[in-house]
Amino acid sequence: MREELQKIKEKALQALEEVEDEEALEAWQVSHMGRNSPLMNVFKTLGDLPEEERPLVGRQANEVKGALQKALEKKEKVLHQTQIRLSLQEERIDVTLPGRPKISGNLHPTTRTLREIYRIFGDMGFQIYRSREVETDEMNFQMLNFPPHHPAREMQDTFFVDGERDRGENPLLLRTHTSPGQIHAMWEYSSTNPADPPPLRIIVPGMCYRYEQISARSEIQFNQVEGLAVGKEITFGDLKGTLSDFARRLFGQGVGTRFRADHFPFTEPSAEMDIECFLCEGEGCTVCKGTGWLEILGCGMVHPTVLENGGYDPERYTGFAFGMGPERITMLRHRIEDIRYFWANDLRFLEQF
Ligand code: DAH
């Protein structure tokens, strides 16, 4: 019996040597330590042995069992280590491989120009005021001093909102310019203290719409940035100073500006601001059509009627306003010759910025 136990032990340990994974280890455990294993059979038959042999064999069998248990635990540890080593090897990261470039989008050229405009006016103390794109005829025209049949309405061919044409004198429409934002802002500010409204300094950026033949020079949608400053002692000098400074900050410190008289119903007097052509530095080229000047924005002193419509007493308050097209500015700066690129979503265009 002693010999037999020795053999059982040797055989089991030998078999364990050959075990290489956890599955085989489990099988080994069943066949060498399980209920029907030779070792367990020894325990089962202990009772058949002569009495004096029993304790001896019993002790030896327990020793073998203990030895096998120990060997099993050791093997388990080894297998576990091997597995970790293998998985580390398999999943090894080659840090010398070049990385895959991250594809990121970029900002639309108009957005870039808009952000520069926000920054410049932000530095000058202007706040951004958001105004709606669907407007009433009253806000888009009447409050801004366009009488019902004013010829300027012809220039701004309007998209009316479907089914709203019948609302008599005040149909809904897509705003043709950001100027109605002036009225919304003045209402909001003046309502806080109607007797003595606070001064305001805002820009109103956003999309505008006109019913136009789409061409290289005109689109049915485009952005505008409106500006409005209202206060008690605002003069045309403030307008010129602010806008010339804006031009220098956007186009470069050396850039010259000039103001030409113009006409808008909502400002009096009204002007256009030109900047010196930065392509030919005033010499005259195809972009400035030989004049040496580029038209950048419309501006003027807020018309008394408009101040009044906004809740500001024109006897006590004055203000200046301006409006510019960020797409036009972007086109000039990058010599883009066709405005249709802006909304065509062609990546070959957009990726250049
Ligand atoms: N609203 C004008 C347009 O769409 C632009 C403009 C001109 C805005 C003069 C102004 C201004 O505020 O003072 O063409």
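Atoms within each ligand, like the ligands themselves, are counted from 1 in listed order.
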- Classify the angle between the aromatic ring planes of F353 and H334 as parallel (below 30°), tilted (30 to 60°) or perpendicular (above 60°). perpendicular

For ligand 1, which atoms, with element, lie under 4.0 Å from some heavy atom of [X]?
| X | result |
| --- | --- |
| G300 | 13 (O) |
| Q224 | 3 (C), 4 (O) |
| T267 | 13 (O) |
| G298 | 7 (C), 9 (C), 11 (C) |
| F264 | 7 (C), 9 (C) |

- Message: Under 4.0 Å, counting heavy atoms only: does F266 come that close to any atom of ligand 1?
- Response: yes

- Item | Contact check, Q182 vs ligand 1, heavy-atom distance below 4.0 Å | yes

- Message: Does ligand 1 come near enough to S179 that some N or O of the ligand is less than 3.5 Å from an N or O of the residue?
- Response: yes

- Consider every N or O of A321 and every N or O of ligand 1, then say whether any pair is closer than 3.5 Å. yes

- Item | Q127, CD: over 12 other non-hydrogen atoms inside 6.0 angstrom | no

- Message: Looking at non-hydrogen atoms alone, which of H177, R210, M273 comes nearest to atom 14 (O) of ligand 1?
- Response: R210

Got a list of side-chain donor-acceptor pairs under 3.5 Å for residues 285-298, not counting sequence neighbours?
| unit_1 | atom_1 | unit_2 | atom_2 | d |
| --- | --- | --- | --- | --- |
| T291 | OG1 | C288 | O | 2.7 |
| T291 | OG1 | W293 | N | 3.1 |
| T291 | OG1 | W293 | O | 3.1 |

- Do D274 and R258 sit within salt-bridge range, that is, some charged N less than 4.0 Å from a carboxylate O? yes

- Query: So, are R333 and E116 salt-bridged, with charged N and O less than 4.0 Å apart?
  - Reply: yes

- Is the distance between the ring centroids of F264 and F322 under 6.0 Å? no

- Task: Might you work through the side-chain hydrogen bond (donor to acceptor under 3.5 Å, both in side chains) test for N223 and E327, ending with a clear yes or no?
- Result: CA-CA 7 Å; N223 281 280; E327 278 87 21; 2.7 Å; yes

